[in-house]
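Written below as structure tokens is the structure these notes are about.
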Amino acid sequence: MSALQTAQLADFARRQAFLGFGPDDVAALQFLHTSLKDDAPGFVDAFYEHLAEFEEMRALIEQPGLLDRLKRAQADYFDTLTSGPYDADYLQRRLAIGMAHSRVGLAPAWYLGAYSHYLVGLLPDVIARLGTDPAYLLPAVQALMKVVLLDIGLAIDSYIAHRDQQIARLQDYMNVFTGMPFGTLVLSSDLRVLYVNRALVDMLGTGSAALQGRTLGEVVDAAPLQTLLSRIGEGRPVREATTLRVLDRPNELAIPVGLTLSLLPDSSGLPGRRLLMVVEDLRLQARLETDLLNAQAVAGIGSWHVDLRTGQAQWSDEAYRLYGRDPGGPASYEVFLDAVHPEDREEVDSAWRAALAGRPFRIEHRVVRPNGSIRWVESRGKLQRGADGRVVKAFGTVYDITERRQASERIQRLAFQDTLTGLPNRTLALDRLQQALAQAEREQHGVALLYVDLDHFKEINDTQGHLIGDQVLAEVAGRLNAVVRQRDTLARLGGDEFVLLGPSDAASAAQVAERLLQTVEQPVVVNGVRFTLNMSIGIALFPEDGRTAEDLLKHADTAMYRAKAAGGGALRFYHAGMSDELQRRLLLATRLKAALHGNQLRLHFQPQFDLHTGALCGAEALARWHDADAGWIAPSEFIPVAETRGLIDELGDWALSEAARQVRQWQEAGLPFTGRVAVNVSARQMAAEGFVARAVALVRAQGIEPDCIELEVTESSMMQEPRKAEDMARALVAAGFVLSIDDFGTGYSSLAALKRLPVTKLKIDMSFVRDMLDKPEDHTIVHTIISMARALGLRTLAEGVEQRAQADALLALGCDQMQGWYRGPAVPGDEFAARWLTG
Ligand code: C2E
Ligand code: CA
Ligand code: CA
């Protein structure tokens, strides 16, 4: 037996003592019980009929099965009321029944009603059975009254015990509500505050007295609540994020809250009109949000989201700032794209499209701020899909990576850039070379690799020190870089070695090499010291000289060493696979230009004689070029190179002006040169715009008149555009020049055309003269030319006369003049004077 039960039993005994309920009563009740035993307890049915008259009771006892159970329990109950024994068992059963009744909701009045029906129903029987003997009747009725009172006391006790339990439980609920971190309110339908917990009082800062019993609208602005109330329906709670403002504190910020409102059931268990309101304080969350935004701003992170169904976008202030737009301004994908650097737009746009198709969105791109400054940002995003799997929302971040980019670019530079010259270093050069080879392989084109090395650079380092040496190198690198095309790569391999990668064939490689060589024509001046530099360039070609980066580098290096071995200041091809002829022409072009600019060409003069008198009648100026490496180079070799490489105008101008200078010099020296100096003019030269005016100007610039000069033109050059040639010839003759046709007989001149030209002389090509004594047909040709020229009133000059017999034969055929080794080869101007102009 528990302590409680022991206490209850003691109390039960005390009550019996108070009531004077003793063994006599027990005996009297037992006697009564046995006497009435056979009678059916009709009062139970009567009682329930009576109960059914009360509406709330009807609702209760109509529960299925309950009525029978109640009836049986009640019959049992009243049976034991008289049977006893009134011990601990009896007590516990009574209390349990009372507790059950009070839980079911049977009010104490039910007990009174039940006892009343019991007594009213029982007393007639009691009187009928015992009434004849008052000695039995009175003690029985007294005992019955005592035991009924005792029992009613027990029933009331169990009601009180149940209420105590409920109160204790409610107290627990109260404590829960009170201690809840959420503000909790119970409101009547007119929003009167029935209950308010600590959290809400603290949240509003009003004190509980200000709230209790007042309507909510008197304390806070209840407008946000009204809309919530209108949504509340069938017991389902409604929730909304809103703000609450305390009315008598207009200066304080409204509190951001989450409100949940639901209807509370009333005491009968039916939905009632009381409202439970839970108020979630969102200030912390809002502050966290602000903190987050502030943190993002500090970290340079912006955030954005886009509703993909409406296209509406929202950016955080920092996102606006990063995209270079004013916070609060328009935000959309278009505005974003507009902020992206034009060169990055396409890439960003396709990344975004790929993202919409399900790829991760993460891209580094530039943003152009309205002030024109450029920042690097990284934009990242994620998609949110709806229940149907379709994308509904995208959200993401953007942050400034300018510093990171700069750092990684710095690292890149350190790793791939030569610090002295700022050019790509060996590593990057090799990388680019490999890429270029792969691309050339794919696209089936050539690539040239130029290996550039300064000649005798070691001497500068040794005599001037490394500091000066470095400055010279930096200056050279700058000059080289200035003439390199954008798409080519110039890199420093180390020391005084550079490579250039890019030209696609031998010809363009030679041209580029030529430009590189020219960069050091002017001395480099460092600290007031002049350094005259030269460089050697070796060229290897892909694919003919090698297919791998190593092979090409090795071969370009080999070629460079050959250039150096030949004296330096030049370029060499690694010629495996290239014809000697082509290689030589490529080299010639480069060197010829240098020779022209370096004033290394000379004119030699070959005397011309009158066949009749044998006297000197003129001279032909012939260009001569002595190259330091290659030795004498014949005009038949370099003139065609000059013509194809665009150097012929320059060379022609030089020859004309140089010939004029020589004539002027002889005149000034008082030497008796009476004839003219013949200067060769190539077809291309004549085709150039303004040739006549320039020829006149060049000659006059040397202080002589055009009538001292004869111009040798070829048949073919006059026949290409006969009209134009005719006009030009007339203009030249009008200016004072005399024209002769060179190499006559090798072309296909139309005699009619020739007749119209103001030409004075035909030069019979030496190929006919050479064999005219042995080959009758050549003799015939020479004869025919001379006859024809006479008919047209033209003089004739035979070239390449090497023997006296040739001269005699020519004279016999009526030729006027001759030129050739028989009388003398072309010699320098002073030698010519010494030999032929002696008076
Ligand atoms: P060309 O005008 O027919 O010049 C005559 C060539 O015959 C010269 O050759 C000359 O040295 C050579 N020659 C002279 N006498 C004899 C001889 O008895 N026997 C033989 N076998 N050869 C003789 P070179 O100097 O080699 O000139 C070759 C060509 O180059 C010239 O032929 C001319 O067409 C061109 N050329 C030379 N100098 C110039 C120039 O300043 N301008 C232009 N446009 N062409 C030039
Ligand atoms: Ca000639
Ligand atoms: Ca000739």
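Residue numbers start at 1 and run along the sequence shown. All ligand and atom numbering here is 1-based and tracks the order in the structure.
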ask   = Can you name the nearest heavy-atom pair linking Ala436 to Leu501, along with the distance?
value = CB-CD2, 4.1 Å
query = Is the closest side-chain heavy-atom distance between Ile764 and Phe744 below 4.5 Å?
reply = no
query = Does the side chain of Asp778 reach to within under 4.5 Å of the side chain of Arg770, using non-hydrogen atoms?
reply = no
inquiry  = Taking Asp627 first and then Arg591, would you say they form a salt bridge - that is, a charged N and a carboxylate O separated by under 4.0 Å?
reply    = yes
note = The atoms of ligand 1 lying under 4.0 Å from a heavy atom of Gly820, numbered in the order shown, are 15 (N), 18 (O)
task = With heavy atoms under 4.0 Å as the rule, classify the contact between Gln819 and ligand 1 as side chain, backbone, both or neither.
result = neither
query = N/O/S atom of Glu712 under 3.0 Å from the Ca ion (ligand 2), yes or no?
reply = yes
query = Side chain, backbone, both or neither: which part of Gln606 comes within less than 4.0 Å of ligand 1 when only heavy atoms are counted?
reply = side chain
Atom indices of ligand 1, in the order listed, that fall short of 4.0 Å to a heavy atom of Gly800 = 16 (C), 17 (C), 18 (O)
ask   = Can you list the ligand 1 atoms lying under 4.0 Å from a non-hydrogen atom of Asp743?
value = 3 (O)
Per-atom contacts, ligand 1 versus Ala655 - under 4.0 Å to a heavy atom = 41 (O)
Donor on one side chain, acceptor on other, Gln608 and Gln819, under 3.5 Å = yes
query = If hydrogens are left out, which of Arg684, Glu799, Met766 has an atom nearest to atom 6 (C) of ligand 1, that is, the closest non-hydrogen atom?
reply = Met766
inquiry  = Looking only at N, O or S atoms in Glu620, which is nearest to the Ca ion (ligand 2)?
reply    = OE2
query = For the Ca ion (ligand 2), what is the closest N, O or S atom on Asp742?
reply = OD2
note = Filtering Ser767, Ala621, Ala623 for the heavy atom nearest atom 38 (N) of ligand 1 leaves Ala623
Residues Lys593, Glu650: salt bridge by 4.0 Å N-O rule = no
request  = Would you mind checking if Arg492 and Glu497 are paired as a salt bridge, meaning a charged N to carboxylate O distance below 4.0 Å?
outcome  = no
inquiry  = More than 12 heavy atoms of other residues, nucleotides or ligands under 6.0 Å from CD of Gln667: yes or no?
reply    = yes
inquiry  = Any salt bridge linking Asp727 with Arg723? Criterion: basic side-chain nitrogen under 4.0 Å from a carboxylate oxygen.
reply    = no
Where ligand 1 meets Glu802 - atom numbers and elements under 4.0 angstrom, heavy-atom basis = 17 (C), 18 (O), 19 (N), 20 (C), 21 (N)
ask   = Is the closest N or O pair between Gln685 and ligand 1 shorter than 3.5 Å?
value = no
query = Has Asp743 got an N, O or S atom lying less than 3.0 Å from the Ca ion (ligand 2)?
reply = no
message = When you compare ligand 1 with Tyr822, is there at least one nitrogen or oxygen pair between them that comes in under 3.5 angstrom?
response = no
inquiry  = Closer than 4.0 angstrom, basic N to acidic O: yes or no for Glu643 and Arg684?
reply    = no
inquiry  = Yes or no: does Glu620 have any heavy atom under 4.0 Å from an atom of ligand 1?
reply    = yes
ask   = Based purely on interatomic distance, does Asn680 place a nitrogen or oxygen under 3.5 Å from a nitrogen or oxygen of ligand 1?
value = yes
request  = Measure Arg624 to ligand 1 on non-hydrogen atoms and call it side chain, backbone, both or neither using the 4.0 Å cut-off.
outcome  = side chain
task = Assess the pair Phe832 and Trp666: is the distance between their ring centroids shorter than 6.0 Å?
result = yes
inquiry  = At under 4.0 Å between heavy atoms, is it the side chain or the backbone of Asp742 that contacts ligand 1, or both, or neither?
reply    = side chain
inquiry  = As an exercise, identify every atom of ligand 1 less than 4.0 angstrom from a heavy atom of Pro635.
reply    = 24 (P), 25 (O), 26 (O), 27 (O), 30 (O), 37 (C)
key: Distance-only donor-acceptor check, side chains Asp455 and Ser536, under 3.5 Å   = yes
query = Side chain, backbone, both or neither: which part of Val801 comes within less than 4.0 Å of ligand 1 when only heavy atoms are counted?
reply = backbone
task = Output yes when the distance from some N or O of ligand 1 to some N or O of Ser636 is under 3.5 Å, and no in every other case.
result = no
ask   = Take atom CZ in Arg730; do more than 12 heavy atoms of anything else shown fall under 6.0 Å from it?
value = yes
